Amino acid sequence: MLEVRELSVGYGPVTALHAVSFDALPGTITAVLGANGAGKTTLLRTLSGLVRARHGSARFAGDELLGRPVETIARAGVAHVPEGRGIIEELTVAENLELAALWRLGRRDRRAAIAATFETLPRLGTFRDRRASGLSGGERQMLAVGRALVTQPRLLLLDEPSLGLAPLVTAQLMAILADKTAGSEMVVVLVEQNARSALSVSTRAVVLDLGEVVADDESAAVAADVDLRRHYLGY
């Protein structure tokens, strides 16, 4: 389980997160929602070690994440898919997956993990030898998610995976994430501005406003709260 307690983060005099607390359980997707500037991306960057916290804790499977080097957190099974997709355009699809798996897996396990990733994301397998620079926006996003999944993560942090994607591609991606997570031991934290889509696949939702938690409840309850949706989620 991921346990975030009283997490505060700032950039100079600006407070980006203030005393944020929530839990995320294995086999579930926890959606983190809110407007631009709410602190969603800062939260994920802090959990993956890219940003240093001022105060608080973030424990995963009993181990503290805060203050550890990025590469140590990655080797512990935390995979972060940043906004903007995070792929290496000069490499082929297969090479992108191979490089990502080097962090966590031995050669034999890498082969099995890559095969499993192509099974999960079959469209990637149809152009495994194509350079990432030649992929469409939706295909690049699938590859970014594939690069994370191939590491067999215990904690998957996704930042705006639907950004710039057509509604049909977004629906396909969300369905894949939901299917991959259900029944597994993986913890998924999904940052999204597409609140409808995120609420449809998540079990729990955390709503941020100006760096503070204004709601932490089951996704169905958040979706049913008209005032909350209109005020903080824009629909």
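Keep in mind that this is a model prediction, so the values were computed, not measured. The basis for the numbers below is simple: all heavy atoms, side chains too, and nothing from hydrogens, waters or symmetry mates.
- Looking only at distances, a side-chain donor or acceptor of S8 sits under 3.5 Å from a matching main-chain atom of A19.
- Taking each heavy atom of T42 and V9 in turn, the nearest pair found is CG2-CG1, 3.7 Å.
- Between T170 and M174 the shortest side-chain heavy-atom distance falls below 4.5 Å.
- Of the residues V188, T120, V145, the one that meets the side-chain contact (heavy atoms from CB on, under 4.5 Å) test with K180 is T120.
- Salt bridge annotation for D23-R59: absent, with no cationic side-chain nitrogen under 4.0 angstrom from a carboxylate oxygen.
- Side-chain heavy atoms closer than 4.5 Å link hydrophobic residues (I, L, V, M, F, W, Y) into clusters, and following such links, even through other members, never connects L228 to V20.
- Using a distance-only test at 3.5 Å, with no hydrogens or angles considered, a donor-acceptor pair links the side chain of R229 to the main chain of A223.
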Checking H231 against V214 for the side chain to side chain contact (heavy atoms under 4.5 Å, CB included) test, could you report, in this order, the C-alpha distance in whole Å, the side-chain angles of both residues, the deciding distance, and whether it holds? CA-CA 11 Å; H231 193 69; V214 295; over 6 Å; no
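- Heavy atoms only, all atoms of each residue included: V222 and A205 are closest at CG2-CB, 4.0 Å.
- Heavy atoms from other residues, nucleotides or ligands lying under 6.0 Å from CZ of R52 number 12 at most.
- Atom-to-atom distance recorded for E160:CD and Q141:CD is 10.0 Å, nearest 0.5 angstrom.
- In this structure, R204 and D216 have side chains that are in contact, with non-hydrogen atoms separated by less than 4.5 Å.
- When atom types are taken as modelled, the side chain of E192 and the backbone of A31 share no donor-acceptor pair closer than 3.5 angstrom.
- Taking all atoms of both residues into account, the shortest heavy-atom contact from L143 to A132 is CD2-CB, 3.9 Å.
- The structure places CD of Q172 at 5.5 Å from CE of M142, a figure rounded to the nearest 0.5 Å.
- When the side chains of ILVMFWY residues are joined at heavy-atom separations under 4.5 Å, either directly or via intervening members, I73 and L157 end up in a single hydrophobic cluster.
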With salt bridge (charged side-chain N to carboxylate O under 4.0 Å, His left out) as the criterion, how do E98 and R110 come out once you've worked through the C-alpha distance, each side chain's angles and the decisive distance to 0.1 Å? CA-CA 7 Å; E98 177 80 20; R110 285 201 302 272; 3.0 Å; yes
Evaluate L33 against L208 for side chain to side chain contact (heavy atoms under 4.5 Å, CB included), listing each step before the verdict. CA-CA 6 Å; L33 310 172; L208 297 180; over 6 Å; no
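- Within the 4.5 Å cutoff, the side chain of F60 has no heavy atoms near those of the L47 side chain.
- Follow the hydrophobic side-chain contacts under 4.5 Å out from L97 and you never reach I88; the two are in separate clusters.
- Between L121 atom CG and R123 atom CZ the span is 11.5 Å, to the nearest 0.5 Å.
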Using the rule given for side chain to side chain contact (heavy atoms under 4.5 Å, CB included), can you reason through L91 versus L99, listing the C-alpha separation, both sets of side-chain angles and the distance that settles it, and then say yes or no? CA-CA 9 Å; L91 300 182; L99 184 60; 4.0 Å; yes
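- Hydrophobic clustering (ILVMFWY, side-chain heavy atoms < 4.5 Å, transitive): Y232 and V213 are in distinct clusters.
- Counting heavy atoms from C-beta on, the side chains of L177 and L158 come closer than 4.5 Å.
- Enclosure of atom CZ in R68 by more than 12 non-hydrogen atoms of other residues, nucleotides or ligands within 6.0 angstrom is indicated.
- A 6.0 Å sphere centred on CZ of R5 holds more than 12 heavy atoms belonging to other residues, nucleotides or ligands.
- Taking a 6.0 Å sphere around NE2 of H80, one finds it holds more than 12 heavy atoms contributed by other residues, nucleotides or ligands.
- The shortest heavy-atom contact between L105 and V150 is CD1-O, 3.3 Å.
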L44 vs V32, side chain to side chain contact (heavy atoms under 4.5 Å, CB included): CA-CA, chis, key distance, verdict: CA-CA 10 Å; L44 295 196; V32 179; 5.7 Å; no
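- Contact of the L190 side chain with the V201 side chain is registered, since non-hydrogen atoms from C-beta on lie closer than 4.5 Å.
- Both Y11 and L17 are part of a single hydrophobic cluster, where members link through side-chain heavy atoms under 4.5 Å apart.
- Judged by distance alone, with hydrogens and angles left aside, the side-chain atoms of K40 form a donor-acceptor pair with the main-chain N or O of A35 at under 3.5 Å.
- Inter-residue side-chain proximity for F118 and V93 is flagged as met; some heavy-atom pair is nearer than 4.5 Å.
- Annotation: side chain of F127 is in contact with side chain of L135 (closest heavy-atom distance under 4.5 Å).
- G138 and L165 get closest at one heavy-atom pair: CA-CD2, 3.5 Å.
- A distance-only check finds a donor-acceptor pair linking the side chain of R104 to the backbone of T151 [under 3.5 Å].
- The structure places NE2 of H18 at 13.0 Å from CG of D209, a figure rounded to the nearest 0.5 Å.
- Distance check, rounded to the nearest 0.5 Å: CE of M186 to OG1 of T28 gives 10.0 Å.
- Proximity of a side-chain donor or acceptor of S136 to a complementary backbone N or O of E139 within less than 3.5 Å is detected.
- Annotation for E71: atom CD counts as buried by contact number, over 12 foreign heavy atoms lying within 6.0 Å.
- More than 12 heavy atoms of other residues, nucleotides or ligands lie within 6.0 Å of CD in E64, so this atom counts as buried by the packing criterion.
- Atom-to-atom distance recorded for D159:CG and E83:CD is 5.0 Å, nearest 0.5 angstrom.
- At a threshold of 4.5 Å between non-hydrogen side-chain atoms, the residues L156 and L149 count as touching.
- The closest donor-acceptor contact from the side chain of S21 to the backbone of E6 lies under 3.5 Å.
- Among all heavy-atom pairs drawn from L66 and T46, the shortest one is CD2-CG2, 3.8 Å.
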